[in-house]
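Hydrogens, waters and symmetry mates play no part in the numbers below; they use all other heavy atoms, side chains included. Numbering of ligands and ligand atoms starts at 1, following listing order.
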Amino acid sequence: MNKAFLTVDLEEWYHLDYLDTDTCRDTGVRVLPQIFDFLDMLDDEGVKATFFCVGEIAEENADILREIVRRGHAIGCHGWDHTLLTDKSVEQFVEETRKARAAIEEAAGTKVVGYRASCFTMERDKLDALEALGFRYDSSKIRFAQHPLYRNLDLTGFDNVEDLVYVREGFSEYEIPTLDIMKYSIPISGGGYLRLFPFWLLRLLLGKYAKRHENFTIYVHPFELTPTKLPLPKDLGVGTKFRCLVGRRGNLKKLRQVIRWLKRRGARLITLEQDRKERGLA
Ligand SMILES: [Zn+2]
């Protein structure tokens with residue numbers, strides 16, 4: 001493994017698909033203002049990351065977006081309000097994506113050419129529309145062996161130029177890695193699994209993964225990297241509450257351990273835009 005991409009879905013805690021966004025937003029509690037410890041950790045480790053920002057929060061976090069750019073990271077788009085692409089028409093998707101991109105570019109003061117769909121719900125007609133809008137890369141493909149037909153983004157016409165990297169006429173798709181164990185695909189690269197698994201287990205799984213793959217993509221969310229106390233609704237089920245809160249404390253430290261492990265294995269942690277540059281695509 002010679003390369004790793006650390007990606008962040010820059011969204012608020014109330015964008016989680018199992019929470020009622022409006023009610024949770026009204027509590028006034030925000031996690032993004034506490035993201036600076038994470039940014040400092042990236043500086044300490046000499047790591048550059050790719051941040052996919054939800055359009056509707058760009059303006060209120062303009063100072064954070066500018067700081068992210070100032071520190072040399074890349075900014076992409078993570079939709080307008082984190083609703084699923086599968087519920088939208090292509091026209092609606094195009095309209096929302098335009099609005100989101102404009103808001104993020106204005107707030108961050110940089111051009112946006114990358115995209116990640118909320119909950120990885122990208123579909124082929126929307127991917128084509130994204131390219132027509134001027135975007136140059138997307139990172140929404142994920143494969144679950146237990147759902148062979150569900151959400152497996154069709155990339156007919158793309159060249160599989162490297163493990164998990166697909167290119168067609170200069171537009172690239174970066175797949176999120178999963179590790180097949182028995183008949184299940186485990187997305188070891190982020191979200192709940194990263195928080196749930198202790199580092200020794202992650203190291204074991206990553207070691208298994210590294211034997212077969214050239215690159216690795218990690219994905220994390222601000223609520224997983226900040227200590228902000230979340231005012232979760234009282235009627236939230238025990239399972240959901242667990243899913244949301246497990247491993248938040250100490251996750252930043254664990255992520256640093258993963259980064260150091262990757263570096264020891266010879267992986268450079270670079271932005272997706274840097275990877276495109278190195279391939280002569282940008
Ligand atoms: Zn997201």
Side-chain angles (χ1 to χ4, degrees), residues 5-25 29-35 38 49-61 64-65 68 73-88 92-93 96-97 99-101 103-104 107-108 112 114-123 126-127 130 135 137-144 150-151 153 173-178 187-196 217-226 228 230 232 236 240 243-248 251-252 255 271-272:
F5 309 117
L6 175 58
T7 64
V8 184
D9 291 357
L10 208 60
E11 60 196 52
E12 266 301 336
W13 66 282
Y14 54 71
H15 286 121
L16 282 165
D17 58 344
Y18 44 82
L19 294 179
D20 181 67
T21 302
D22 291 338
T23 319
C24 293
R25 184 197 284 119
V29 173
R30 301 287 184 269
V31 294
L32 254 65
Q34 295 207 311
I35 204 168
F38 169 66
T50 308
F51 291 77
F52 294 100
C53 183
V54 170
E56 67 171 0
I57 60 166
E59 196 184 340
E60 68 173 276
N61 293 293
I64 294 169
L65 288 180
I68 288 171
H73 306 294
I75 302 262
C77 176
H78 192 37
W80 172 253
D81 59 3
H82 211 265
T83 44
L84 306 184
L85 269 54
T86 33
D87 297 336
K88 298 177 205 298
Q92 200 183 349
F93 168 72
E96 287 185 7
T97 306
K99 183 162 78 160
R101 178 174 60 185
I104 300 162
V112 166
Y115 191 91
R116 170 169 291 153
S118 54
C119 305
F120 308 112
T121 52
M122 183 52 81
E123 297 171 314
K126 282 148 194 160
L127 190 72
L130 195 67
F135 281 81
Y137 69 94
D138 175 65
S139 177
S140 309
K141 183 176 170 69
I142 190 160
R143 190 184 53 86
F144 288 110
Y150 179 57
R151 283 189 194 170
L153 179 62
E173 175 67 35
Y174 291 90
E175 182 174 347
I176 311 295
T178 51
I188 50 167
S189 56
Y193 289 96
L194 192 66
R195 283 182 285 130
L196 183 65
T217 299
I218 307 172
Y219 70 96
V220 289
H221 306 89
F223 86 93
E224 301 175 304
L225 304 164
T226 51
T228 320
L230 305 180
L232 294 177
L236 204 63
T240 310
R243 205 175 132 193
C244 185
L245 297 177
V246 65
R248 277 183 75 215
N251 199 40
L252 192 59
L255 183 60
T271 65
L272 295 174

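- Counting just the N/O/S atoms of E11, the one with the shortest distance to the Zn ion (ligand 1) is named OE1.
- A salt bridge (charged side-chain N to carboxylate O under 4.0 Å, His left out) with R25 is found for exactly one of E56, E60, E12, namely E56.
- Heavy-atom neighbours of E59 CD from other residues, nucleotides or ligands within 6.0 Å: at or below the threshold of 12.
- For the Zn ion (ligand 1), the N/O/S atoms of H78 include one lying under 2.8 Å.
- With a cut-off of 2.8 Å, the Zn ion (ligand 1) has no N, O or S atom of H221 in range.
- Aromatic rings from Y115 and F93 are positioned such that their centres are separated by under 6.0 Å.
- For D9, every N, O or S atom stays at 2.8 Å or more from the Zn ion (ligand 1).
- Salt-bridge formation is detected for the pair E224/R195: a Lys NZ or Arg NE/NH1/NH2 atom is positioned less than 4.0 Å from an Asp or Glu carboxylate oxygen.
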